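This report refers to the structure that appears directly beneath it.
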Amino acid sequence: MVPLSYYLMLSAVMFFLGVLGVMLRRNAIIIFMSLELMFNAANLAFVAFALYYHSLSGQIFVFFVMTVAAAEVAVGLALIVAIFRTKHSINVDQLSSLKG
Amino acid sequence: MAAGPFNATMILAILPQIGLLALGVLVSILDLLWKENQKRNLGWLTASGLALIMVLAGVFTAPAAQPVLVFGGMLRHDWLSFVFQMIFLFGAALTALFAMDSEPLSRKGEAYMLLVAATLGMTLMASAADLIMLFLAIEMTSIPLYILAGFIVGDNKSTESGFKYLLFGATTSAVMLYGFSLLYGFAGTTQIYQLAGILQQGQFSTFTLIAVLMLVLVGFSFKVSAVPFHFWAPDVYEGSPTPIAGFLSTASKAAGFAVLMRFLLVVFPMTEHYWIPLLAVISTATMIVGNTLALAQKNVKRLLAYSSIAQAGYMLIGVASVSPLGITASVFYLTAYLVTNLAAFGVVTIVGRSTGSDELSAYAGLSRRAPGLAMVFLVALLSLGGIPPFGGFVGKILVFAAAINSNLIWLAVLGILNSIIALYYYLMVLKVVYLYRSEDENRPLAIPRSWAIAMGLCVVGILLLGTVFGPWYQWSVTAASSLF
């Protein structure tokens, strides 16, 4: 059996890559993908711990997180489409009409 | 305290949530059935529905002295959650009244439905006693608010504000979720009220616990717009429809505080010595950043956004005091701040509606165009500044008293200095309203009835909280006692 620490290392790496992606990339779609990576890092940690404790609540948590992430992305894509219609770009650096 | 089996009285504990669900469904059905010219009435329906839920909850949902965990430990039915639920319902009802005359929202059934859905999420946030429930409640609050912030689809600023809100919100909640996963990993349970005991027994280094606490705090700081997670607030408030900006700055912030208080005091009591200084520093930074950046603002919505960041700093003083008095002070402050800030954003709504601008220059001559409106603005801004006899004054006194009581005297002094800075920019706005002349000052502003009712309620609230504060103080004391 794969030891728990392996899963946690992988999940930490995924989470870190997700954070880097959100901070460094400028394409809105890629940012959303990196966000998904962060959510899934947490999901991996949840299922790994659920296996370790033989408790179901971690696995149930993952189902809810997946649903919520899907809802979030649905709203996000709708907003991206609305932005694309007016700006013809999904580069987040273009979103600069609000500042001060 | 374990969660008992299901019994029928549990239904009473979630009566406000059931009511909100029914109201949301009703609004979306009537939105389909009603004709275009009737749809403005959806605002009346939402506001009166929310008021009815408040009354019903007041009669049937008032918790017993002993807190109980209901629905398998998912929710905790106690005074803290009850008081916060009342605050959210009141804030949402006022927002519905303001929305009725704000062009993009007034005839859109979905706007009211999303408002009700966000309120439902908030009521769950205040009472969640399980990590799963808490995460779902936070997301249920956030997602409708993302849509509402970006509601004006054709408007660059609105979609941009919605997108920024979503980006910041989703990122911080992912970080918070990672913190939750580690908490679950340490304890093997998702029940918030069991976590503390297990964490204390286990041999976890303080460093690990503080690291997890920081991850979780990211999500909560975003909700209350505390430094360093405040960047979104001015942009989102400026771009979103004004009534929604008011709702974000009051009810949504209050929901964040409800969660923050419960989580810190219940899950992390053993690391208190580490997070009290941390919270005090965050609170100081929040006050200073909010107030100094507000000084330079020329747009009233942005000014109020920075002011609301600073206000979160004052409320954090109460939480950092970690005493029954501190929590009482924060709850009282939040109530006073809710009515005050909603009144201020209400004035911005009506001025923006008639002049088409939120710039400070649009407020010149307001005292001559609409004396009543200018008066309301005066009351709201002075209350935000902490001048007696308004609610904000009592709130500030309580918060500073709590800090002094808990030996955080430096924090209280910084808070008082900051309120003086804040008073400067509030008075600058009032100077424009009262002393500056404008060309169109003989044209009175149109003030709709729904708006007048909401504004009257706010002003009465501000005055009552500043004078006859006894009952509300007692409420806050009871709410705070359910955490200790």
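Letters go in sequence order (proteins before strands), and every chain restarts at 1. Heavy-atom basis, side chains included; hydrogens, waters and symmetry copies ignored. For clarity, every value in this text was computed on a predicted model and none was experimentally measured.
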Select one option (side chain, backbone, both, neither) describing which atoms of [X] are under 4.5 Å from chain A's heavy atoms.
X: B:S142; answer: neither
X: B:K164; answer: side chain
X: B:A149; answer: neither
X: B:F135; answer: side chain
X: B:L293; answer: neither
X: B:F186; answer: backbone

If every non-hydrogen atom of [X] is compared with every non-hydrogen atom of [Y], which pair is closest and at what distance?
X: A:M38; Y: B:T171; answer: CE-O, 3.9 Å
X: B:V153; Y: A:A82; answer: CG1-CB, 4.0 Å
X: A:A28; Y: B:F163; answer: CB-CZ, 3.7 Å
X: B:E160; Y: A:S96; answer: OE2-N, 3.5 Å
X: A:A71; Y: B:I143; answer: CB-CD1, 3.9 Å
X: B:N156; Y: A:K87; answer: OD1-CE, 3.8 Å

Nearest 0.5 Å, what's the [atom1]-[atom2] distance between [X] and [Y]?
X: A:L35; Y: B:S173; atom1: CG; atom2: OG; answer: 8.0 Å
X: A:L95; Y: B:T159; atom1: CG; atom2: OG1; answer: 8.0 Å
X: A:F46; Y: B:L131; atom1: CZ; atom2: CG; answer: 7.0 Å
X: A:F49; Y: B:Y184; atom1: CZ; atom2: OH; answer: 9.0 Å

Going by heavy atoms in the side chains, are A:F63 and B:I132 under 4.5 Å from each other?
-> no
Non-hydrogen side-chain atoms of B:S181 and A:F61 separated by less than 4.5 Å = no
Considering only heavy atoms, which portion of [X] lies under 4.5 Å from any heavy atom of chain B: side chain, backbone, both, or neither?
X: A:A12; result: both
X: A:V22; result: side chain
X: A:I31; result: side chain
X: A:V65; result: both
X: A:A78; result: neither
X: A:F32; result: side chain
X: A:T67; result: neither

More than 12 heavy atoms of other residues, nucleotides or ligands under 6.0 Å from [atom1] of [X]: is that the case?
X: A:Y53; atom1: OH; result: yes
X: A:M66; atom1: CE; result: yes
X: A:R85; atom1: CZ; result: no

Determine the option with the most heavy-atom pairs under 4.5 angstrom with chain B, choosing from A:S34, A:A48, A:A45, A:S55.
-> A:S55
Most heavy-atom pairs under 4.5 angstrom with chain A, which of B:N299, B:V175, B:D130?
-> B:V175
